[in-house]
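A note on names: the letters A, B, ... follow the listed sequences, proteins ahead of strands, and every chain is numbered from 1.
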Amino acid sequence: MTRIRLDNVTKVFGNVVAVDHVSFEIEEGEFFTIIGPSGHGKTTVLRIIAGFEIPEEGHVYFDDRDVTFLKPYERGTAMVFQNYALWPHMTVYDNIAYGLRLRKVPEEEIRKKVRWALELLDLEGTENRYPLQLSGGQQQRVALARALVVEPNVLLLDEPLSNLDAKLRVEMREELKRLQRRLGITTVYVTHDQVEALSMSDRIAVIYKGRLQQVGTPEELYYRPRNLFVAGFLGRSNMLKARVVGHRNGYAEVEVEGMGVRLLAASLVEDGDGYAIMRPEGFRKASPTDLENVFEGKVETVMFLGDKRELKVRVGEASLVVYLPPEERVEVGDRLSLHIPPEKIMVLPVNGGVKA
Amino acid sequence: MASPVREPKYKAKHLFILGLLGALIYYVAFLAGVRGWLVTLSGWLVAGVLALLVYIAGLDTYKIKYSFGLSFLVMIAYIYDVMILLLRLPGLPMAVGILLFPLVVVHMSAYLAERRRRTVKVEVRIPWRKRLRMSFFKLDKVILTFLIVGLTVLIVFLVVPVLMMLWNAFITPPGTPFYENFVRIFTSPRYVKTNTAGDVAWAWQIVGGRRVLVIDGTNYGVLLNSLINATIVTSVATLLGMIVAFVLARYKFPGKTLIRLLAVIPLFVTPFINSYVIKLLFGMTGPISMITSHLFGFLVDVRGLAGVTVAQIMAFYPIVYLNAYSAFLSIDPNLEEQAENLGAKGLRLFTSVTLPLALPGIASGSIIVFIFSLEDLGAPIVFQERNLMSYQIYSSFTSQTGIVSPEIAALGFVMLFLAVASFLVIRNYIGMRSYAMISRGGRWTPRERKLGWKGLLVVYLVLLPLIVWTMMPQLGVIMLAFNMMKPTEFSINLHTASAKYFLELFTNPNIFMYIRNTLTYALTAVVIAIVLALMIGYAVSRTKIRILTSTLDVLATIPIAIPGLVVALGYFYFFADLFSNTPLDPTSGPTVFQAWVVLIIAYTIRKLPFVVRSIYAGYSQVHEGLEEAAMNLGATRLKTIAGIVLPLIVTYIVSGAVIGFIYISTEVSTSVTIGSLRPDQAPMTFYMKNIYIGGQLAGIQYVAAMGVLLILFQLAAIMLIILGLKQSYAFIGA
């Protein structure tokens with residue numbers, strides 16, 4: 001298996017910097033996800049790894065070999081494209097066998113391997129069909145089989161699930177993850193879907209405006225975002241202007257603008273202005289034992305979502321999104337006493353440290 | 001450097017007021033007898049300077065750039081004003097030029113201003129040497145080879161010959177300025193004749209004791225004749241084609257399918273011989289004369305320039321019809337329904353929504369008609385009309401000396417300029433408007449409605465006769481070929497029918513020679529063109545290298561706009577100057593000169609755009625991801641092209657080849673010019689040109705039989721493409 005390292009990679013299209021000095025390392029066998037809004041360079045990073053684009057600056061290493069200038073066909077990666085890129089004039093069997101034939105594998109061996117791939121992806125019986133005769137989910141699995149059958153060092157997945165309907169997407173998500181774990185291939189996965197990223201990845205890289213914002217495990221990114229962009233992009237959060245006014249009990253004491261209360265919070269800001277980030281699920285109804293971080297608000301809207309209730313609560317002049325368990329019965333207009341533990345409030349610097 | 005947004009004070013209509021002002025100053029002075037360059041200049045200056053001031057004061061340039069009608073007018077204005085300034089035609093034409101001038105001034109200023117704005121912002125600075133290295137690194141050897149081969153071939157065999165023609169155009173007698181030839185073309189009465197006193201467009205004559213209305217048009221000199229003729233032909237053909245297309249696209253009536261089929265018949269190209277039949281149709285034995293002599297007791301004879309004009313209208317209007325038809329069909333019905341929903345109907349709906357949306361499609365047909373009309377040789381040769389640019393260039397090849405004069409080179413350059421300038425202008429206009437076709441989502445059934453009885457009357461009494469009339473030439477060719485019509489008069493004699501002439505095409509070695517030549521050349525040229533098109537199309541569709549890619553793209557498309565006679569002239573100079581004293585030298589005499597080499601090259605380059613277009617369409621059907629997937633799995637570029645791309649575009653290659661073959665086998669301009677320098681290596685169209693030898697009609701039935709053979713080629717091609725490849729391909733269009 002292969003370790004991938006990007007060192008200061010920059011890619012320019014015309015006058016637009018698509019990828020701006022990006023560096024990270026992907027461990028052997030890791031499921032590594034690149035996430036970011038559309039058009040912010042994540043697919044370009046993937047294409048640089050695959051060799052379809054050559055960076056203006058920086059280098060790409062597979063293990064310790066510099067592959068920056070190698071042609072796509074010399075890299076031993078296998079990519080699954082967003083639109084699958086199945087060759088319409090070849091049967092499923094021929095599509096899957098293509099890479100093996102290029103490697104001059106004996107036909108006997110090819111048959112065995114294709115059969116293995118068909119079985120692995122639950123595609124038995126489709127080998128003589130043409131791609132256009134298959135459903136979207138099947139096409140997707142053929143594309144995956146075609147990539148896996150050549151036993152690549154690196155598997156590259158470019159939004160492979162985005163063309164599937166919601167139910168199929170969930171199924172494929174689990175299947176992909178299971179396969180990757182079983183085969184242990186170093187995998188780079190590009191998506192703009194945070195649920196996919198959080199649920200599948202060993203580690204995630206967030207890219208915004210061509211720049212790497214943060215790399216870390218899903219938990220790290222979710223609970224300890226380094227900047228406002230990451231905090232806002234992964235999961236929902238209430239983001240309010242705040243000012244650090246003191247320190248107490250190992251926490252920072254902050255004044256949140258509009259709410260008119262002082263709260264204790266985990267802060268990356270030592271002193272002065274910042275933004276307080278509060279996840280909706282961090283709140284709960286206050287109990288008499290809660291001494292700190294308790295405040296009152298008025299319920300403005302309530303939505304029942306099955307697994308939770310989503311409220312909009314007005315506290316002072318601020319409006320907060322709050323999730324409560326579904327069994328909590330609240331009505332619009334109720335006054336509510338809420339609590340949030342200090343470790344669930346993060347204060348980030350004003351400019352957010354967003355690299356842009 | 002964003003300029004503050006402000007409400008524009010002035011609108012396009014103000015520009016017309018300014019233009020009118022300048023035009024009036026000039027024209028009133030002109031009518032009052034005050035002439036001279038000072039008056040002319042002041043007219044232009046008033047219009048131009050005021051327009052500039054209004055532009056600076058704040059003008060709605062957005063409207064001028066993006067409205068369908070205005071932007072179209074601007075494009076026309078550019079060409080018109082350049083021509084009027086070159087020709088210096090006094091009177092009304094000059095006044096119209098001044099009237100349009102403010103539009104040109106404002107459009108140009110807005111364009112320059114935008115250009116400056118655009119070039120200011122450069123966010124990223126990467127050394128150009130690094131950029132260059134990156135661009136070339138992305139290219140593997142295969143694509144690089146494609147690019148270089150494509151560029152080299154097109155530069156050597158397209159750019160260089162045209163430049164050599166230009167070079168020769170500046171060869172002048174000693175003691176005269178280097179631009180003397182052009183001065184002659186724009187001033188000598190041979191080319192521009194403003195005094196046409198005594199030259200009437202029509203007159204009564206007595207021929208064989210019968211009163212004949214002879215219509216032959218007025219001679220305004222070679223250059224003006226060509227321009228006027230091309231303008232009339234384009235306008236009438238556009239109007240006719242548009243109307244026919246609209247009725248057939250939007251209305252339902254019994255017999256529609258039949259009429260649609262008949263309407264395409266004039267598109268079958270039968271060089272020279274169809275013009276000959278048209279001459280008979282409009283002659284003293286034709287149907288028109290028959291009617292007038294019965295009703296009014298006189299005959300009609302359309303000759304000369306007038307004959308050329310009607311012949312070209314009949315031959316070329318279906319080009320507009322086809323383009324307009326598909327343009328009307330491709331309008332999303334929702335757009336029209338929305339307008340109707342808001343209360344537009346009838347003419348209002350047509351002029352406010354339908355026509356603007358179809359205009360780009362129609363314009364692409366019109367511009368082809370304009371270029372075809374400029375360079376057409378068939379009608380001028382058949383009507384023996386020497387006072388046209390095309391005839392002048394052609395006849396210089398058949399002069400005894402075997403040397404084409406520099407003045408003709410200059411004339412060729414003027415023709416090239418006219419054709420290419422109008423082509424680029426129209427293409428720019430169309431390109432800006434391609435979004436009109438993007439809005440479509442999914443398929444739709446075109447709007448079709450039933451016609452009322454008034455409409456039906458119009459269709460059957462006007463449209464049907466018109467369409468039958470325009471297919472008469474092809475019908476006449478078939479009748480001539482099978483001896484069902486006398487060679488000199490329009491008549492139908494079914495009892496004399498015989499396949500003798502048609503069969504003799506293949507048994508008489510002196511005639512079959514030409515057919516064999518055409519087939520050999522066309523097949524060879526098609527094979528070369530396909531190989532070139534595969535390389536060029538791939539390089540153009542898969543690379544984005546500054547300048548190089550776009551240059552290749554333009555070079556491969558532009559031959560559509562280059563008149564064949566210009567190619568012929570260019571090749572003459574190219575081979576005469578660079579290959580003198582070799583068998584490729586056109587002046588080396590009719591036994592030494594190897595015309596076949598020159599002809600094959602000329603055919604390949606001239607018709608390359610049609611092949612490239614088909615193959616390019618194929619390449620753009622193949623998503624690049626399909627290739628990347630293959631390369632990602634280890635296939636090299638060549639293996640990817642051979643294993644993935646070519647199998648997917650096979651139908652496009654075949655249809656490109658078929659279309660190329662048709663265009664080449666019916667090619668006229670280079671065939672009859674270069675061919676005339678080595679008659680025994682000349683193709684069919686050269687033989688067909690010799691309808692008259694020494695002023696005498698000669699072997700007309702053989703020529704007609706060749707016409708029938710060409711019709712058969714074209715019929716087979718259409719069948720193959722539509723039925724075999726299931727493609728509906730627009731055969732002609734920009």
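Legend: residues meeting side-chain hydrogen bond (donor to acceptor under 3.5 Å, both in side chains) with B:His623, ordered by chain and number and at least two apart, are A:Asn83. Residues that satisfy the salt bridge (charged side-chain N to carboxylate O under 4.0 Å, His left out) test with B:Asp553, not counting sequence neighbours, are absent from this structure.
Within residues 100-124 of chain A, the residues having any heavy atom less than 4.5 Å from a heavy atom of chain B are, in residue-number order, A:Leu102, A:Arg103, A:Lys104. For residues 627-635 of chain B, heavy-atom neighbours of chain A at less than 4.5 Å comprise B:Glu628, B:Ala629, B:Ala630, B:Met631, B:Asn632, B:Leu633, B:Gly634, B:Ala635, sorted by residue number.
Sparse packing is recorded around CE of B:Met108, with 12 or fewer heavy atoms of other residues, nucleotides or ligands lying under 6.0 Å away. Residue B:Leu112 places its CG atom among more than 12 non-hydrogen atoms of other residues, nucleotides or ligands, all under 6.0 Å distant.
Summarising the geometry of B:Gly643 relative to A:His89, their closest heavy-atom pair is O-NE2, 3.1 Å, with the distance given to 0.1 Å. Pairing each heavy atom of B:Leu626 with each of A:Trp87, the nearest pair is O-NE1, 2.6 Å.
Residue A:Pro152: no heavy atom, backbone or side chain, is found under 4.5 Å from chain B.
Most heavy-atom pairs under 4.5 Å with chain B, from the set A:Pro88, A:Ala147, A:Ala50, A:Gly76: that is A:Pro88.
No side-chain heavy atom of A:Tyr73 sits less than 4.5 Å from a side-chain heavy atom of B:Thr640.
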